[in-house]
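Down below is the structure, laid out as structure tokens.
If you're wondering where the values come from, they're calculated on a predicted model, not measured in any experiment. FYI, side chains are in, hydrogens and waters are out, and symmetry mates aren't considered; it's all heavy atoms of this structure.
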Amino acid sequence: MENQYKEEFRAIFQEHVVRRGGDQLLEWLENTDFFTAPASTKFHCACEYGLVMHSLNVYKVLREKYFEEGDSEESFALCGLLHDICKAQFYKISTRNVKNDETGQWEKRPFYTVEDAFPYGHGEKSVYLIERFVRLKPAEAMAIRWHMGGFDDSVKGGSFAISTAFDRYPLAVKLHLADLEATYLMEHGTSEVRH
């Protein structure tokens, strides 16, 4: 299964991302856990390969539902595939004791924890990591920065900057909607972890 997701990701990325630094970014990703990591600790795609699965789903929704004449294939690939690059090297596997309902015995079960070595924010961190290799256009940076919408910590804290970003950059709205659809509709029930 890993090769399927990884190869699909690579094919889309290499077909559409022609910007300088793209090859180096892809090489960096391959030296992280991006292609094997979960997308969350317990919600959507909390499973092996979940992050790359989610990234592909977001790209597909973004491309199939929101691409219009004049939009950039490269921008859609960069934003859809890399919006959650901040989750590479982010999750760790730990174990905890859980009582087996059938046997009454305690068993060690794996679960995902967050170990954020670079706590820079969510969308902000993705933009930062991408721009170490590839220069983003303003619309791409805004889309990735604000893809969490109302779930973003600065929005929860009262920032209204997202409203201005969504008003000025339609790609930001499109990416947020694609992320919501992938997370809550396509990926419902994809976690190995019980809530």
Heavy-atom side-chain contact between [X] and [Y] under 4.5 Å:
X: K108; Y: R96; value: no
X: K65; Y: K174; value: no
X: L82; Y: L25; value: yes
X: F13; Y: D23; value: no
X: L171; Y: M142; value: no
X: E124; Y: I144; value: no
X: Y49; Y: V52; value: yes
X: S55; Y: L51; value: yes

Say whether, by atom type as modelled, one donor and one acceptor occur between the side chain of [X] and the main chain of [Y] under 3.5 angstrom.
X: E131; Y: L136; result: yes
X: N100; Y: T103; result: yes
X: Q89; Y: D33; result: yes
X: T183; Y: L180; result: no

Which pair of non-hydrogen atoms, one from [X] and one from [Y], has the smallest distance, and what is that distance?
X: S75; Y: S72; value: N-OG, 3.0 Å
X: A139; Y: Y169; value: CA-CD2, 3.5 Å
X: A165; Y: A172; value: O-CB, 4.4 Å
X: C86; Y: L129; value: CA-CD1, 3.9 Å
X: I85; Y: F34; value: CA-CE1, 4.3 Å
X: A182; Y: N57; value: CB-CB, 3.9 Å

Donor-acceptor pairs under 3.5 Å, side chain of residues 153-160 to any protein atom, not counting sequence neighbours: which ones?
from	atom 1	to	atom 2	distance (Å)
S154	OG	R145	NH2	3.1
S154	OG	D152	OD1	2.6
S159	OG	A161	N	3.2

How long is the straight-line distance from [atom2] of [Y] back to [atom1] of [X], given to the nearest 0.5 Å?
X: K6; Y: L29; atom1: NZ; atom2: CG; value: 10.0 Å
X: T164; Y: W146; atom1: OG1; atom2: CH2; value: 9.0 Å
X: H122; Y: D84; atom1: NE2; atom2: CG; value: 4.0 Å
X: Y59; Y: L78; atom1: OH; atom2: CG; value: 10.5 Å
X: T41; Y: K87; atom1: OG1; atom2: NZ; value: 9.0 Å

Assess whether a salt bridge exists between K99 and E107, defined as any Lys/Arg side-chain N lying under 4.0 Å from an Asp/Glu carboxylate O.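 Result for this pair is no, no salt bridge flagged.
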Run the side chain to side chain contact (heavy atoms under 4.5 Å, CB included) test on E73 and F67 for me, step by step, so that the C-alpha distance in whole Å, both residues' side-chain angles and the decisive distance to 0.1 Å come before the verdict. CA-CA 8 Å; E73 292 282 1; F67 193 86; 3.8 Å; yes
Report whether L185 and M53 are members of the same hydrophobic cluster (ILVMFWY, side-chain heavy atoms less than 4.5 Å apart, transitive linking).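 No, it is not one cluster - the side chains of L185 and M53 are not joined through contacts under 4.5 Å.
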Shared ILVMFWY cluster between F133 and V18, side chains joined below 4.5 angstrom?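 No.
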E8: side chain to side chain contact (heavy atoms under 4.5 Å, CB included) partners, not counting sequence neighbours: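 Residues passing side chain to side chain contact (heavy atoms under 4.5 Å, CB included) with E8: I12, L56, K60.
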For Y66 and F76, I'd like to know if the aromatic rings sit close, meaning centre-to-centre distance below 6.0 Å.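 So the answer is no for these two rings.
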Would you say the rings of H44 and H54 are close, in the sense that their centroids are separated by under 6.0 Å?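 Yes, the ring centres sit under 6.0 Å apart.
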Where at least one partner belongs to residues 10-22, residue pairs that pass side chain to side chain donor-acceptor pair (under 3.5 Å), sequence neighbours excluded: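 Applying side chain to side chain donor-acceptor pair (under 3.5 Å) to every pair that reaches into residues 10-22, excluding sequence neighbours, yields R10-E30, R19-E74, R19-E140.
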Centre of Y120's six-membered ring, under 6.0 Å away, within 45 degrees of the axis: is that where NZ or CZ of K125 sits?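 No, a cation-pi geometry is absent between K125 and Y120.
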Are H176 and H83 linked by a side-chain donor-acceptor pair shorter than 3.5 Å?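 Absent: no donor and acceptor within the cut-off.
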Check the orientation of F35 and F9. Use parallel for under 30°, tilted for 30 to 60°, and perpendicular for over 60°.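 Aromatic pair F35/F9 classed perpendicular.
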